[in-house]
Amino acid sequence: MEYNFRAIEQKWQETWKREKTYRVETDKSKKKCYVLDMFPYPSGAGLHVGHPLGYIASDIYARYKRLQGFNVLHPMGYDAYGLPAEQYAIKTGQHPEKTTMENIARYREQLDMIGLCYDWDREVKTCDPDYYKWTQWAFIKMFNHYYDTKACKAKPIADLEKHLESYGTEGLTAAGSKELFFTAEEWNAMDVKAKSDTLMNWRIAYKAETMVNWCPGLGTVLANDEVSEGLSVRGGYPVEQRKMSQWSLRVSAYAQRLLDGLETIDWTSSLKDTQRNWIGRSEGAEIKYKIKGRDEEITIFTTRADTVFGVSFMVLAPESEWVKKLTTPEHEAEVAEYVAETKKKTELERKSQHNFTGVATGSYAINPFTGEEVPIWVAEYVIAGYGTGAVMGVPAHDSRDYEFAKKFGFKIKSLIEGADVSEHSVDAKEGIVTNSPAEGLESELNLNGLTVKEAIEKTKRFVAEKGIGQVKVNYRIRDAIFSRQRYWGEPFPVYYKQGIPTMVPEECLPIELPQVDKYLPTETGEPPLGNAKVWAWDEVNKKIVENTKIDNQTVFPLDLNTMPGFAGSSAYYLRYMDPRNNDALVSQEADEYWQCVDLYLGGIEHATGHLIYSRVWNKFLVDLGVAREEEPFHKLINQGMIQGRSNFVYRVKGTNTYVSAGLKDQYDVQPIHVLIDFVKNDVLDIEAFKKWSPEYSDAEFVLEDGKYVCGWAVEKMSKSMYNVVNPDNVVKDYGADTLRLYEMFLGPIEQAKPWDTKGIDGVHRFLRKFWALLWDGDTLAINEEPATQAELKTLHKTIKKIGEDIENFSMNTAVSAFMIALNELKVCRKRSILEPLTILLTPFVPHIAEEAWHLLGHTTTVCDASWPVLEEQYLVEDSVQMPISFNGKVRFNMELPSAMSKENVEKTVLADERTLKQLEGKSIKKVIVVPGRIVNIVC
RNA sequence: GCGGACGUGGCGUAAUGGUAGCCGCGCUGGCCUUAGGAGCCAGUGGUUUCGGCCGUGUGGGUUCGAGUCCCACCGUCCGCACCA
């Protein structure tokens, strides 16, 4: 019987769908396992072969766990909001919802074709009002909470208000944008607007005038992870710094918990390091410097407290609030011009020019350790958003300060014994401190003779004790800007009451995205939602007015921003647990059962975006008591990108003649990308190529060995390179099972690798071989004969290997193990072997396995079979025990391969004198020998 | 600059510190076929006087034994980057 994969795959896919084979319910009698793929953004291009890599791997794991008896939650959905659909809408006037739904339908079709075991009854779409209701709900909760730095959790903002009413900011333990100081009286005297503005300093979701990444090309602000080297990640448009009033999430408050959580989860160390880098914890000290002739103090942050004796200047960031205060009248013009100049530059320009510019303010700071006066400058190399936006310049031990000092002629004073600072600074935190204080100088603090690390600690202690400053931990991670001036996203559940941002009552949710007639900003520069004629004024406002029982003549404007892409993807894994619940994001019961994602699969590109935001979002929900697990994703695997393998033809310049790759060096040629569908194993289908374009219809070819061989290169998979491999075609030619098996066989799952169809025949051949075992001609050939020892050994070796490999996500070696097993079994058609083998194959190639399972006489799905039990007894190596003694002293039992004679062993051991010497007098438990050498001696 | 990962045949890759190159592709030879982009069998790191010898980026080290562990260097890739 021929292996008719098309018929088999169609048959079972229909059956699984009809019978809802992969539906899952909470079942307390079974252990749960939650296996999740990062849900895709449904782009217009459909899936290419790179997408399913992770889906197939997780599908294998999910099916394996199910066979092991786990209740497996394995859902799929769509991250449906996004820029491409909106840009398409702007171009064509087509509603983004329409294109998005079409793309989703296409994705679904492609996903179904691969035979993935999702429970589609749990599908979620982020653009679905029933879904984003809970995104808006979480936002309201964040607005109504602050982060208590002592309790290390979010608490109701009402608690904080109570504190302010009684004590002012005295004793307040709340993560805030700025340090504020006021008394209870001052607070109580504030009007509603002032109170609202003040509370924004602590709310977890807050609106504030901050420096944001403004991208004129996209017409919206962006979060830090959406900007790379001064360009927008999407589109590559320049991004500039602007002060704007925008919503933000206080993710910085969760910095330490984000770091601590990393210790408890099973992610790769490189991904953890990437997140640690992004969070950027650094321990140091804040030190206060008095300003000469004034009553104020300026605070700087440093990790090198040991270098206080080498300070020769101070630098402020151009955006620092101190700049205005400290600039003396005679420097005003110069400073103003400098600040204006810096403002004009884009982020990219500021970073790319490594020149150290700056101007003096005319003020001086007094070094609290030495009494020395040092000039205060403004320079763009200091960033406003980090630390206090002011630094102490220590040229000898900081390379940036060094360059600045060289340029402007500041003193460079080495503080480390033997450090040569004549050419460059010595930044390393090592060596013995000297000149601290320098000879003849008096100071209460003396660091001389200490190591740098000791000196840092001593200075920190000193600073804290004397009240000159405090020990301080700084994080680089910034709060996430949360509003976007776009159409296709979640609307904010916010309206403005006398200019005060106010949350829509929860019972009014969801605030649905309104229809607009155009997707561009309004003529007055409002975001696209400003074009909506209906929602703000009628429906929603009526709802709000009714619910808040305010004078219904009043009309409140709604917030016209939408939420960023990461909003909808931050808690979707919780929603899958209970996707149709209209009363809660997730029921207590469902959350208690499913808890968290056991295995999460997705691309590394989300390392500092989604994987940070959803961890913060989850922690917030934990603080609220809605979620229970501090870390949402226990084990995470990043599948590597699949690159394209482009093919070229070589046109002889100025002709329409094409030269085969092996001969191209003999001509002056120009390589041209050719559609890879015309190429098989690098051999060009000349007829297809000629029909591709009129330009090629009368092309001439110079062949080698009668064939036209194409050149190739590994490039990103993209339409313009003509190298996109569509899984549909592979499924059509080889079947879904071959596609699945081949994608796993390609190499380690985490690794980036080019898609290369060269080996696909190999795995297809394997499936045909397996199929052939079931058949003798057109009749079933399965027999009931007992298996031999050798066959059982092969079987159990395979059971062991496949189980281990799936657990370790080493899918490529698992595929090899199947091939080895089949090679060893030859034409074994015994039920006792084929049946367990079929179960082992099920996670990898479910269609053919299901068919084989039924051919073996079963009537229920193979998904409900049990994973074969490993019987170690069959795995024992063939060996004989042989007592051997040397010189009457060393005596041991040897475990030898049966093929080896006693004489050979003695020869081998005796030849190795050093080994013998070591063994003398010792008691040896076991010596393992392979022909020619000792491989293991156990004493 | 800081942090991390990696370097093995013609190619993708495999090796709990224990016979390096499993499995697949490709290639060579044979069988079978009207035919082969089908199937089956055998071979396939280099070198060799057929005993061996040499081989995992380079150079050292630890070990009875190193692709694997340690040190230095070279190279490739990734993340962060005027973060004080």
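For the numbers below, each heavy atom of this structure counts, side chains included, while hydrogens, waters and symmetry mates do not. What you see is a predicted model, and the numbers here were worked out from it, not measured in a lab.
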remark   = Ranking I760(A) and D401(A) by the position along RNA chain B of their nearest nucleotide, the one closer to 5' is I760(A)

task = Would you indicate which nucleotide in C23(B), A84(B), A14(B) comes nearest to any side-chain atom of D398(A)?
result = A84(B)

inquiry  = Please name the nucleotide paired to A72(B) by Watson-Crick or G-U wobble geometry with both distances under 3.5 Å, or report none.
reply    = U58(B)

key: Nucleotide of A84(B), C40(B), C82(B) approaching R765(A) most closely (side-chain heavy atoms)   = C40(B)

message = Taking only the C1' atom of each, what is the distance from U76(B) to G57(B) in whole angstrom?
response = 11 Å

query = What residue pairs, at least two apart or across chains, pass salt bridge (Lys or Arg N to Asp or Glu O under 4.0 Å) with a residue in residues 810-828 of chain A?
reply = K797(A)-E824(A)

inquiry  = Between R281(A) and E283(A), does any NZ, NE, NH1 or NH2 come within less than 4.0 Å of an OD or OE carboxylate oxygen?
reply    = yes

key: For C77(B), the Watson-Crick or wobble counterpart (both distances under 3.5 Å)   = G4(B)

query = How would you list, by chain and number, every residue that makes a side-chain contact (heavy atoms from CB on, under 4.5 Å) with F5(A), sequence neighbours excluded?
reply = Y3(A), E9(A), H764(A)

task = Starting from P on A81(B), measure out to OH on Y386(A) and report it in whole angstrom.
result = 12 Å

query = Given A14(B), is OP1 or OP2 found less than 4.0 Å from the side-chain N or O atoms of N812(A)?
reply = yes

inquiry  = Measuring from the side chain of T274(A) (C-beta onward, heavy atoms only), which nucleotide among G79(B), C80(B), G24(B) has the closest atom?
reply    = G79(B)

ask   = Do you know which two heavy atoms are closest between V308(A) and N367(A), and how far apart they sit?
value = O-ND2, 2.9 Å

ask   = Given A84(B), is OP1 or OP2 found less than 4.0 Å from the side-chain N or O atoms of Y381(A)?
value = no

ask   = Which part of the nucleic acid, if any, lies within reach of N823(A) when heavy atoms closer than 4.0 Å are counted: base, sugar-phosphate only, or nothing?
value = sugar-phosphate

key: Mate of U63(B) where both pairing distances stay under 3.5 Å, Watson-Crick or G-U   = none

request  = Taking atom CD of E321(A) as the centre, report whether more than 12 heavy atoms of other residues, nucleotides or ligands fall under 6.0 Å from it.
outcome  = no

note = Taken to the nearest whole Å, CD/E687(A) to P/G37(B) is 17 Å

Close N or O pairs between protein and nucleotides 33-35 of chain B (under 3.5 Å):
none

ask   = Can a salt bridge be assigned to the pair K801(A) and E804(A) using a cut-off of 4.0 Å between side-chain N and carboxylate O?
value = no

ask   = Aromatic ring centroids of F408(A) and F313(A) under 6.0 Å?
value = no

message = Pairing donors with acceptors under 3.5 angstrom, does anything connect the side chains of T813(A) and S816(A)?
response = no

key: Nearest-Å distance once atom C1' is located in both A15(B) and A81(B)   = 39 Å

message = Taking the minimum atom-to-atom distance to the side chain of T813(A), which one of G4(B), A15(B), A84(B) wins?
response = A15(B)

message = Could you tell me how far apart Y475(A) (OH) and A84(B) (C1') are, to the nearest whole angstrom?
response = 17 Å

task = Would you classify G79(B) as syn or anti? Syn applies when the glycosidic angle is within 90° of 0.
result = anti

query = Does V391(A) or K801(A) map to a spot on RNA chain B nearer the 5' end, using the closest nucleotide for each?
reply = K801(A)

task = Could you measure between the two C1' atoms, the one in C27(B) and the one in G9(B), and give it in whole Å?
result = 12 Å

inquiry  = Side chain of I820(A) only, heavy atoms from C-beta on: which candidate in G24(B), G3(B), C22(B) is closest?
reply    = C22(B)

task = Quote, to the nearest angstrom, the C1' distance that separates A20(B) from A14(B).
result = 10 Å

query = So what does P754(A) hit on the nucleic acid, given a heavy-atom distance under 4.0 Å: a base, only sugar-phosphate, or nothing?
reply = nothing

query = Expressed as a whole number of Å, how far does the C1' atom of G26(B) sit from that of G37(B)?
reply = 14 Å

inquiry  = I'd like to know if R765(A) pairs up with D761(A) as an ion pair, taking the criterion as any Lys NZ or Arg NE/NH1/NH2 lying under 4.0 Å from an Asp or Glu carboxylate oxygen.
reply    = no

message = Does G7(B) count as syn, meaning its glycosidic angle lies within 90° of 0, or as anti?
response = anti

request  = Determine the interatomic distance between C1' on G36(B) and the same-named atom on C31(B); round to the nearest Å.
outcome  = 15 Å

ask   = Contact class for T268(A) vs. all strands (heavy atom < 4.0 Å): base, sugar-phosphate, or nothing?
value = nothing

Nearest-Å distance once atom P is located in both G55(B) and G65(B) = 16 Å

ask   = When we call it a touch if two heavy atoms are under 4.0 Å apart, what does R304(A) touch: a base, just sugar-phosphate, or nothing?
value = sugar-phosphate

inquiry  = In this structure, how many angstroms lie between the P atom of G79(B) and the CD atom of Q275(A), rounded?
reply    = 15 Å

message = Is there a side-chain contact between L767(A) and L741(A) in this structure, where contact means two heavy atoms from C-beta onward sitting under 4.5 Å apart?
response = yes

key: Closest listed nucleotide, where the reference is the side chain of T303(A) and the choices are A14(B), C23(B), A84(B)   = A84(B)

note = Closest of A84(B), C23(B), C40(B) to the F745(A) side chain is C23(B)

Complement of C50(B), any strand, by Watson-Crick or G-U distances under 3.5 angstrom = none

request  = Please determine if a side-chain N or O atom of R768(A) lies less than 4.0 Å away from the OP1 or OP2 oxygen of G39(B).
outcome  = yes

query = C1' atom, G79(B) versus U68(B): distance in rounded Å?
reply = 26 Å

